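Not measured: the values here are computed from a predicted model.
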Amino acid sequence: MDVTAKELTVLGCAGLVEYQSRFLDRVLQRGEVTLTGLQACLERNPRARGMALARKLVAVLDSDTESAAERLFIELLRAETLTAVLADRALAAG
């Protein structure tokens with residue numbers, strides 16, 4: 001029976017689902033895998049099927065995806081000691 005590591009399975013499946021970035025983001029949020037683990041898997045399996053797409057997706061996840069406007073908004077909220085809920089996290093001022 002062949003078994004793959006969770007990271008390799010996740011990366012292999014990423015190319016099979018409709019919303020690849022959303023899929024990877026959700027798996028990371030749930031703590032099923034880590035970004036470091038995905039990167040290490042890519043290094044161990046550079047020629048595995050689907051790794052070219054997986055490499056691009058992981059690169060996007062590894063980049064700073066908050067826009068300048070989002071960072072400014074957070075700074076303004078903190079400056080006014082306001083509390084807000086942003087997409088995937090709670091932000092408490094102070």
Backbone of Cys41 reached by a side-chain donor or acceptor of Asn45 within 3.5 Å: yes

Go through the steps for Leu38 and Val27 under the test side chain to side chain contact (heavy atoms under 4.5 Å, CB included), then give the verdict. CA-CA 11 Å; Leu38 293 176; Val27 172; over 6 Å; no

Checking side chain to side chain contact (heavy atoms under 4.5 Å, CB included) for the pair Leu8/Met51: CA distance, chi angles, key distance, verdict? CA-CA 9 Å; Leu8 185 57; Met51 291 304 114; 3.9 Å; yes

Is any side-chain heavy atom of Glu32 closer than 4.5 Å to one of Val10? no

Heavy-atom side-chain contact between Val58 and Leu11 under 4.5 Å: yes

Kindly indicate whether the side chain of Pro46, heavy atoms from C-beta on, has any atom under 4.5 Å from the side chain of Arg55. yes

Give the C-alpha distance, both sets of side-chain angles, the deciding distance and a yes or no for side chain to side chain contact (heavy atoms under 4.5 Å, CB included) between Gln29 and Asp25. CA-CA 6 Å; Gln29 287 174 352; Asp25 191 42; 3.2 Å; yes

Nearest 0.5 Å please: distance from the OG1 atom of Thr34 over to the CD atom of Glu7. 6.0 Å

What do the steps show when you test Leu57 against Leu61 for side chain to side chain contact (heavy atoms under 4.5 Å, CB included), and what is the final call? CA-CA 6 Å; Leu57 293 168; Leu61 291 171; 5.5 Å; no

